Structure formats: structure tokens, C-alpha cells
Trainee: 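Have a look at the structure that comes next, please.
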Amino acid sequence: MVGDYPLIITQKAYGIDTGACHGGKLTALILPNFEILQVPAPKDYWQEEIVKWQLPVMMAKPWSSYKWEKIKAICDEFRNSSNPELSAFIAQKEQWMQDLLALAPQLILKIEEKLAELISIYGKDNFKKPAIHFSYATLLYQANSSNLTSKFLQRTLQTPDKWLQVMRDLGI
């Protein structure tokens, strides 16, 4: 888009995209005389398209691979949309994220149980070698130092995909 008026570089270029889809002017270049003609667009067509496509675009997003912060930012931005279907979809995604994160205590308990099992088999000093083979080895080491918290889980398992994988691996 070149602005409200055509961009003309004599004998080289004519920029005639003057934003008709955004409610600007529709510009025509009439040949062979190179005459410019403009008419105002009756409305902002782009805003209508945005409203139509917001929900399908949101539904197509790879939500489970997004970091928690990105999911929260998208929800914050679109929570109060004038489109009630989009608002409902965003509320559903927000609830999904909260439900997953609310499982942190259960996840911590399972990790602590697995740590106790490994220590009972291999001993306090030797559990780390077999623990490295688990997708949640970092969490086992953190639990061993008595510092496994919900916040640490969220920082380490930064996406719902990672969170769900550890839950599957632990049988939750």
C-alpha cells in the first residue's frame, strides 16, 4: 500500500494500491494515457474479513506447542472479543490451560514416587544414572534436592505438549 495517493515515479513505476480494502480509495491507472482515477471505498472490507476469519484462524493454531506465556497472551488479547464465538473459544482454551496447570500437585507427587522407587532400587547416590533415561530426568533431580515446585514444572515443561508427555510417561 502506497498511501492515500498513488506513488508515481515518472516513466518507471505507478503504485496504485491506495488501501481500498481498508476503506481508502480504489485507484485505477487508465492506459494508454496513464490517467489516474480514484473513487472512495464505501467501507473497510478488511475489518469484516478479520471478524469472519478470527475464529477459524484461532482454531487452527497449534495451541499445545505454544509456550504457556504465549497462550496466556493470546487469551488476554482476545478474551473480550466482540465475537461471542471467539470469546467462548478463548475461554475454553484458557480453562484447558488452567486445568493442565492445576495438575501440578499430582505431577509432583508422581515424580516424587518415581524418585523414591529409583532410590530404593539404586540407592541415593546411584539413582541418577538410570534416571537420565526418563523424559522427566530434570524433574527427578529437582525433586531429589527438595525443590520441585509448580513454578519449576511450568518453567521446565514450557508447553502443553511437554506437560502432557510427562504426564503420559508417568501414567497420569
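Computed from a predicted model, the values in this text were never measured in an experiment. Numbers here are sequence positions counted from 1.
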Trainee: Could you pull out all residues at least two apart from Lys72 that satisfy side-chain hydrogen bond (donor to acceptor under 3.5 Å, both in side chains)?
Mentor: Asp76
Trainee: Tell me every residue that passes side-chain contact (heavy atoms from CB on, under 4.5 Å) with Asn147, counting only those two or more places apart in sequence or in another chain.
Mentor: Gln142, Ser145
Trainee: Can any side-chain N or O of Ser87 pair as donor or acceptor with the backbone N or O of Ser81 at less than 3.5 Å?
Mentor: yes
Trainee: Would you list the pairs meeting ring pair (Phe, Tyr, Trp, His ring centres under 6.0 Å) in which at least one residue belongs to residues 102-124, sequence neighbours left out?
Mentor: none
Trainee: What's the separation between atom CD in Glu85 and atom CD in Gln54, rounded to the nearest 0.5 Å?
Mentor: 11.5 Å
Trainee: Among the clusters formed by ILVMFWY side chains lying less than 4.5 Å apart, do Leu157 and Leu170 turn up in the same one?
Mentor: yes
Trainee: To the nearest 0.5 Å, what is the distance between SG (Cys21) and CD (Gln47)?
Mentor: 10.0 Å
Trainee: Check Leu140 against Ala131 and note the closest heavy-atom contact, atom names and distance.
Mentor: CD1-CB, 3.9 Å
Trainee: What residue pairs, at least two apart or across chains, pass side-chain hydrogen bond (donor to acceptor under 3.5 Å, both in side chains) with a residue in residues 27-46?
Mentor: Thr18-Thr27, Thr27-Gln38, Lys43-Glu48
Trainee: Please go through Ile30's hydrophobic cluster and name the other residues, only I, L, V, M, F, W, Y counting, with side-chain heavy atoms under 4.5 Å joining them.
Mentor: Leu37
Trainee: Are side-chain heavy atoms of Pro160 and Tyr66 found at a separation under 4.5 Å?
Mentor: no
Trainee: Only counting residues at least two apart or in another chain, list the ones meeting ring pair (Phe, Tyr, Trp, His ring centres under 6.0 Å) with Phe152.
Mentor: none
Trainee: Using the side-chain hydrogen bond (donor to acceptor under 3.5 Å, both in side chains) rule, collect all pairs that involve residues 158-172, keeping only residues at least two apart or in two chains.
Mentor: Ser64-Asp161, Lys67-Gln158, Ser135-Asp169, Gln165-Arg168, Gln165-Asp169
Trainee: Between Ile74 and Lys61, is a side chain to side chain contact (heavy atoms under 4.5 Å, CB included) present by the stated rule, with each step listed?
Mentor: CA-CA 11 Å; Ile74 293 170; Lys61 287 185 179 290; 4.3 Å; yes
Trainee: Which heavy atom in Pro56 sits nearest to a heavy atom in Trp53, and how many Å separate them?
Mentor: CD-O, 3.3 Å
Trainee: How many angstroms lie between atom CG of Leu148 and atom OG1 of Thr138, to the nearest 0.5 angstrom?
Mentor: 10.5 Å
Trainee: With side chain to side chain contact (heavy atoms under 4.5 Å, CB included) as the test, would you mind laying out the steps for Leu55 and Phe78 before giving the verdict?
Mentor: CA-CA 10 Å; Leu55 182 58; Phe78 292 97; over 6 Å; no
Trainee: What closest approach, in Å, do Ala41 and Ala20 show between heavy atoms, and which atom pair accounts for it?
Mentor: CB-O, 3.3 Å
Trainee: Closest approach of Met58 and Trp63, non-hydrogen atoms and distance?
Mentor: O-NE1, 2.7 Å
Trainee: Would you indicate whether Ile172, at its atom CD1, is surrounded by more than 12 heavy atoms from other residues, nucleotides or ligands within a distance under 6.0 Å?
Mentor: yes
Trainee: Can you list every pair that meets ring pair (Phe, Tyr, Trp, His ring centres under 6.0 Å) and has a residue in residues 93-120, with sequence neighbours left out?
Mentor: none
Trainee: For Lys128, which residues count as a side-chain hydrogen bond (donor to acceptor under 3.5 Å, both in side chains) partner, sequence neighbours excluded?
Mentor: none
Trainee: Determine, using the 4.5 Å side-chain heavy-atom cutoff (strictly less than), whether Ile121 and Tyr136 are members of one ILVMFWY cluster.
Mentor: yes
Trainee: Please identify each residue that fulfils side-chain hydrogen bond (donor to acceptor under 3.5 Å, both in side chains) with Lys124, with sequence neighbours left out.
Mentor: Asn144
Trainee: Show which side-chain atoms of residues 97-119 pair as donor or acceptor with protein atoms under 3.5 Å away, not counting sequence neighbours.
Mentor:
unit_1, atom_1, unit_2, atom_2, d
Asp99, OD1, Gln95, NE2, 2.7
Lys114, NZ, Glu117, OE2, 3.3

Trainee: Roughly how far, to the nearest 0.5 Å, is CG of Asn80 from SG of Cys75?
Mentor: 11.5 Å
Trainee: Taking only residues two or more places apart in sequence or in another chain, which ones pass side-chain hydrogen bond (donor to acceptor under 3.5 Å, both in side chains) with Glu94?
Mentor: Arg79
